[in-house]
A.B. asks: 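My questions all concern the structure below.
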Amino acid sequence: MTKLGRTNACVIVAVEEILQEQMMQLIIVIDTIEKQKTRKRKRRTLVEPYGMLHRIPDQVKHLSRMIGFNDYDCVLNLRMDRNTFGRLCELLRQLGGLRNSRFVTVEEQVSMFLSVLAHHKKNRVVKFDFWRSGQTVSHYIHVVLKAILRLHVILLVKPTAVADDSNDTRWKWFKGCLGALDGTYINVTVPNCDKARYRTRKGQISTNTLAVCDHNMKFVYVLPGWEGLAADSRILRNALNRVNGFKVPKGSYYLCDNGYSNSEGFLAPYKGVRYHLKEWGPNAARPQSAEELFNLRHTRARNVIERAFGVMKMRWGILRSPTYYPVKVQNRLIMACFLLNNFIRNEMDVDPLEQTFNDLPIDNDFIEPEHGEYVDSVEPSPEWAATRDAIAHSMWQHYLLQQ
């Protein structure tokens, strides 16, 4: 064989070896790809695909357990019976603007919101209970909140003054009285820079909420959002001076404690005289003067606002501890609690939470009084002091005749 022939043979052998090596690498790559496809195929068969449809049976089951079986469970979870819950959903549909979405009905939206108010559930807890995403829960909490606040004109009641021929043992001494008012502290979460303004005299970070109720423990006016440091009289003065604020017709008045001035439209007790109910216990001495008798009957009637606050905080767990919403949202949630309290008192014949309170009036037929002028200031005056003295003297004369 010539030298040229030997060179060609060597080249051919080298090319064949290179081709064989590339062929082996290609086979290995193809085999690796096939194995990966097989693993993915097996993983798809083992892992259930994500979607909304497979969650629907569990969502319906949970909602039915709360509002579909009996009133007892519905009251425990949502603080209202099934009929009241249905009427609330219908009211929010017609006047509040709520609509069924593609996957979430109005009933489920309202149920999530009431669960948060009643038990102060966190977003992740509601998400787990209702089989929803955290974003869905947060979205509908705000949607329902806005819908309820739109109904404030309907849900806040119009009070009626005590008539001259009233036989109610609590109120018959206060002719022309519309109800009672007071402030209550509700704990909130605020930024560190605002804590000094929201710190109360007891050291808690709270908002001072002014509330006014009628004789039947229904709220007439609510003003949340003031800092815990603010005085009660300052908040009342601000409420009277607002454009659509608190209105007290001339000739009528509300009962208030010594945190407010005894002025036109607001009847306060005598200072320096025993007043609180605990000072009038079974073993306490009888009233010894007109001032003491007035304070005794004043505190018995004004106690309606204290009982209203008690029922409110028993019903809504979110009022018993601070939330982690922004301050503006927290104030709106407080307002929603007061509005829903009025709705429940209107619609439910028997409220289990109020069984702990005795002698509750049950008259719901109130008509808005027709007056042309309203009280616009909170300043003590001799005329109003004389009015209080006249009421106290009338009580004392009647008391002495019964001895």
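Model, not experiment: these values are computed from the prediction.
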A.B. asks: Kindly determine whether T209 and Y185 satisfy side-chain hydrogen bond (donor to acceptor under 3.5 Å, both in side chains), including the steps that lead there.
C.D. replies: CA-CA 6 Å; T209 299; Y185 290 117; over 6 Å; no

A.B. asks: Measure the shortest side-chain to side-chain distance between N295 and T299 over non-hydrogen atoms and say whether it is less than 4.5 angstrom.
C.D. replies: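 No, too far: nothing below the 4.5 Å cut-off.
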
A.B. asks: Might you point out which heavy atoms bring L267 and I391 nearest each other, and give the distance in Å?
C.D. replies: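 So the minimum-distance heavy-atom pair works out to CD2-CD1, 4.1 Å.
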
A.B. asks: What is the distance from atom SG of C213 to atom CG of D182, rounded to the nearest 0.5 Å?
C.D. replies: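 Between C213 SG and D182 CG, I get 9.5 Å after rounding to 0.5 Å.
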
A.B. asks: Give me the atom names and distance for the closest heavy-atom approach of F343 to R87.
C.D. replies: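 F343 and R87 have their closest heavy atoms at CZ-C, 4.0 Å.
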
A.B. asks: Run N216 and R345 through side-chain hydrogen bond (donor to acceptor under 3.5 Å, both in side chains) and show every step you take.
C.D. replies: CA-CA 9 Å; N216 199 34; R345 284 197 58 78; 3.1 Å; yes

A.B. asks: Heavy atoms only: give me the nearest L255-F174 pair and the separation to one decimal.
C.D. replies: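 Where L255 meets F174 most closely, the heavy atoms are CD2-CD2, 4.0 Å.
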
A.B. asks: Nearest 0.5 Å, what's the CD1-CZ distance between I344 and R79?
C.D. replies: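 If I round to the nearest 0.5 Å, the distance is 9.0 Å.
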
A.B. asks: Taking the side chain as every heavy atom from C-beta outward, state whether K122 and Y324 have any atom pair closer than 4.5 Å.
C.D. replies: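 Yes. Closest side-chain heavy atoms under 4.5 Å.
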
A.B. asks: Are any of the side-chain nitrogens in E227 or K195 under 4.0 Å away from the carboxylate oxygens of its partner?
C.D. replies: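 Salt bridge: no.
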
A.B. asks: Does any part of the side chain of R388, heavy atoms only, come nearer than 4.5 Å to the side chain of N262, both counted from C-beta?
C.D. replies: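 SC-SC contact between N262 and R388 confirmed.
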
A.B. asks: Do any N or O atoms from the side chain of D232 and from the backbone of G183 form a donor-acceptor pair under 3.5 angstrom?
C.D. replies: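 Pair absent, no side-chain N/O of D232 close to backbone of G183.
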
A.B. asks: Does K146 have more than 12 heavy atoms from other residues, nucleotides or ligands lying within 6.0 Å of its NZ?
C.D. replies: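 Incorrect, the count does not exceed 12.
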
A.B. asks: When you look at CD of Q397, are more than 12 heavy atoms from neighbouring residues, nucleotides or ligands closer to it than 6.0 Å?
C.D. replies: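 It does: Q397 CD has more than 12 such atoms within range.
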
A.B. asks: For the atom pair NE2 (H152) and CE (M335), what is the distance rounded to the nearest 0.5 Å?
C.D. replies: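 H152 NE2 to M335 CE: 6.5 Å, rounded to 0.5 Å.
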
A.B. asks: Would M217 and R307 satisfy side chain to side chain contact (heavy atoms under 4.5 Å, CB included), going step by step from the backbone distance to the final call?
C.D. replies: CA-CA 8 Å; M217 293 172 56; R307 289 183 290 155; 4.2 Å; yes

A.B. asks: Is the shortest heavy-atom distance from the side chain of L114 to the side chain of M80 under 4.5 Å?
C.D. replies: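 Contact flag for L114/M80 side chains = yes.
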
A.B. asks: Closest approach of T189 and T323, non-hydrogen atoms and distance?
C.D. replies: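 Heavy atoms of T189 and T323 come nearest at OG1-O, 2.6 Å.
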
A.B. asks: Could you tell me the separation between the CG atom of L333 and the OH atom of Y325, rounded to the nearest 0.5 Å?
C.D. replies: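 Between atom CG of L333 and atom OH of Y325 there are 6.5 Å.
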
A.B. asks: Looking at every non-hydrogen atom in both residues, tell me the closest pair between L149 and A336 and how far apart they are.
C.D. replies: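 Looking at all heavy atoms of both residues, the closest pair is CD2-N, 4.2 Å.
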
A.B. asks: Quick one: are F128 and V126 in side-chain contact, heavy atoms under 4.5 Å?
C.D. replies: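 The answer is no, as the side chains (C-beta and beyond) never meet within the 4.5 Å cut-off.
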
A.B. asks: Is a side-chain donor-acceptor pair under 3.5 Å present for N341 with K218?
C.D. replies: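 The criterion, which ignores hydrogens and geometry beyond distance, is not satisfied for N341 and K218.
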
A.B. asks: Please confirm whether F266 and Y260 have ring centers closer than 6.0 angstrom.
C.D. replies: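 For F266 and Y260, the ring centres are not under 6.0 Å apart.
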
A.B. asks: Any salt bridge between D164 and K175, counting N to O under 4.0 Å?
C.D. replies: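 Salt bridge flag = no for K175 with D164.
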
A.B. asks: Taking the ring centre of each residue, are Y270 and F294 less than 6.0 Å apart?
C.D. replies: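 Y270 vs F294: aromatic centres under 6.0 Å.
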
A.B. asks: Answer yes or no: does atom NZ of K127 have more than 12 heavy-atom neighbours from other residues, nucleotides or ligands under 6.0 Å?
C.D. replies: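 Open: at most 12 neighbouring heavy atoms sit under 6.0 Å from NZ of K127.
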
A.B. asks: Take a 6.0 Å sphere around CZ of R320 and say whether it holds more than 12 heavy atoms from other residues, nucleotides or ligands.
C.D. replies: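 Result for CZ/R320: enclosed.
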
A.B. asks: Tell me, do L229 and R199 make a side-chain contact under 4.5 Å, heavy atoms counted?
C.D. replies: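 No. Closest side-chain heavy atoms not under 4.5 Å.
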
A.B. asks: Between Y254 and P159, which heavy-atom pair has the shortest distance, and what is it?
C.D. replies: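 Nearest pair, atom of Y254 first, then P159: OH-CG, 3.4 Å.
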
A.B. asks: Hey, are the side chains of P224 and F338 touching, using non-hydrogen atoms and a 4.5 Å cut-off?
C.D. replies: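 In short, these two side chains do not touch, never coming nearer than 4.5 Å.
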
A.B. asks: Hey, is K158 close enough to D214 for a salt bridge, meaning N to O under 4.0 Å?
C.D. replies: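 Result for this pair is no, no salt bridge flagged.
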
A.B. asks: I'd like to know if the side chain of N187 pairs up with that of S206 as donor and acceptor (distance under 3.5 Å, no hydrogens or angles considered).
C.D. replies: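 Yes, side-chain donor-acceptor contact under 3.5 Å.
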
A.B. asks: Would you say that I205 contacts P322 through its side chain, given a criterion of any heavy-atom pair below 4.5 Å between the two side chains?
C.D. replies: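 No; the side chains remain at least 4.5 Å from each other.
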
A.B. asks: Give, for atom CG of L78 and atom CG of L117, the distance between the pair rounded to the nearest 0.5 Å.
C.D. replies: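 Going from the CG atom of L78 to the CG atom of L117 covers 10.5 Å.
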
A.B. asks: Please report the interatomic distance OG(S111) to CG(D129), rounded to the nearest 0.5 Å.
C.D. replies: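 If I round to the nearest 0.5 Å, the distance is 11.5 Å.
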
A.B. asks: With side chain to side chain contact (heavy atoms under 4.5 Å, CB included) as the criterion, how do H142 and V329 come out once you've worked through the C-alpha distance, each side chain's angles and the decisive distance to 0.1 Å?
C.D. replies: CA-CA 9 Å; H142 289 83; V329 178; 4.2 Å; yes

